Amino acid sequence: MTLAPFGARLRQALDTRGQLCVGIDPHSSLLTAWGLTDDVAGLETFSRTVVEALADRVAVLKPQAAFFERFGSRGIAVLERSVAEARAAGALVVMDAKRGDIGSTMAAYAETFLAPGSPLFSDALTVSPYLGFGSLQPALDLARASGAGIFALALTSNPEGAEVQRATGADGRSVAQGVLDRLAAENAGAEPLGSFGAVVGATLAEAGADLAINGPLLAPGVGAQGATAKDLPRVFGASVRNVVPSVSRDVLKHGPSVAALREAAARFVDDVSAVTNG
């Protein structure tokens, strides 16, 4: 079955399930807080619980690949099952792997996460454009062909990011604005939403950039990092309807209770809806 473009599928998911992405971040402290062992068994219980609780109701789930990779091949196997089960339940899966390289290596990363026959096929992938935006071309091409999407790092929530992202080139544009402009070009003419998005931190004092890229804006930093739903209109302005706020710890800390995880996610959806839909 040929997938509809990621942007169209995401727009529908956001409009029907609400604007929220929940991270699946099984780091050791959360496993301990849930009463689980910091091993593959704990990893699998954690991931399956999050998928069971949320995959049939939130728009997006975002596994952080590093927390699975640290357990080697058995951790990757858990990640494969989590992705498949989440997608089967109706959630869109954004693989948070932040891959970035050149040539055949970038193509291989793209095939890992964006080729429909791959065990790790995801609806979208986070990528790093800081080897030059053109280095992402294999991922852009494969995403377009497979109905998947990408989220390129643009203005991230970590304070160190400004060293690179706010630097200006000879044309006076910031590096981040250059990334945003290239994404806008990739999304030109797409309806109802382009498939090529940017990562823009919700914790920013201000974006200081044109975010009108006709694509989604993945916004980490809501919750434990200090941003709230009320910050979204200030940071994202007229593009706020295309924002996908990403919350991890402030939802996951309510596990292992499935009911409590669902209630926490629902509260965030309501909070975001109140500021994005008036």
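Given the structure is predicted, the values throughout are model-derived calculations rather than measurements.
Asp123 is linked by a side chain to side chain donor-acceptor pair (under 3.5 Å) to Arg9, Arg87, counting only residues two or more places apart in sequence or in another chain. Residues meeting the side chain to side chain donor-acceptor pair (under 3.5 Å) test with Arg144, sequence neighbours left out: Glu186.
A donor-acceptor pair is defined here as one N or O able to donate and one able to accept, closer than 3.5 Å; such a pair exists between the side chain of Arg262 and the backbone of Ala53. Using a distance-only test at 3.5 Å, with no hydrogens or angles considered, no donor-acceptor pair links the side chain of Asp231 to the main chain of Ala227. With hydrogens and angles disregarded, a donor-acceptor distance shorter than 3.5 Å links the side chain of Ser146 to the backbone of Leu142. Checking side-chain atoms of Ser174 against main-chain N and O of Ala167 turns up no donor-acceptor pair under 3.5 Å. Checking side-chain atoms of Thr228 against main-chain N and O of Lys230 turns up a donor-acceptor pair under 3.5 Å. Listed for the Asp39 side chain is a donor-acceptor partner under 3.5 Å among the backbone atoms of Gly42.
Between Arg74 and Glu44, no side-chain nitrogen of the basic residue sits less than 4.0 Å from a carboxylate oxygen of the acidic one, so the salt-bridge criterion is not met. Taking 4.0 Å as the cut-off between side-chain N and carboxylate O, Arg70 and Asp38 count as a salt-bridged pair. Using a cut-off of 4.0 Å between Lys/Arg side-chain N and Asp/Glu carboxylate O, Arg11 and Asp15 are scored as salt-bridged. A salt bridge is defined here as a Lys NZ or Arg NE, NH1 or NH2 lying under 4.0 Å from an Asp or Glu carboxylate O, and Lys98 with Asp96 meets this definition. For the pair Glu206 and Arg234, the salt-bridge criterion is not met [side-chain N within less than 4.0 Å of a carboxylate O].
With contacts defined as side-chain heavy-atom distances shorter than 4.5 Å, the pair Met106/Ser135 does not qualify. In this structure the side chain of Ser239 reaches within 4.5 angstrom of the side chain of Leu217, judged on heavy atoms. Within the 4.5 Å cutoff, the side chain of Leu204 has heavy atoms near those of the Leu155 side chain. Side-chain contact between Val244 and Leu14 is present, with heavy atoms from C-beta onward closer than 4.5 Å. The closest side-chain heavy-atom distance from Val251 to Leu54 is below 4.5 Å. Side-chain contact between Val60 and Val93 is absent, with no heavy atoms from C-beta onward closer than 4.5 Å.
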Using distance only, find each side-chain donor-acceptor pair of residues 108-120 under 3.5 Å and give its atom names and separation, not counting sequence neighbours.
from	atom 1	to	atom 2	distance (Å)
Thr112	OG1	Ala108	O	2.9
Ser118	OG	Thr112	O	2.5
Ser118	OG	Leu120	N	3.1

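The residue from Leu136, Leu153, Asp101 that alone fulfils the side chain to side chain contact (heavy atoms under 4.5 Å, CB included) condition with Ser128 is Leu153. The only member of Phe67, Phe71, Phe68 that meets ring pair (Phe, Tyr, Trp, His ring centres under 6.0 Å) when paired with His27 is Phe67.
Met95 CE to Ser82 OG: the interatomic distance, rounded to the nearest 0.5 Å, is 8.5 Å. The structure places CZ of Arg17 at 8.0 Å from CG of Leu92, a figure rounded to the nearest 0.5 Å.
Donor-acceptor pairing under 3.5 Å is recorded for the side chains of Gln19 and Thr276.
Thr126 and Ala97 get closest at one heavy-atom pair: OG1-N, 3.0 Å.
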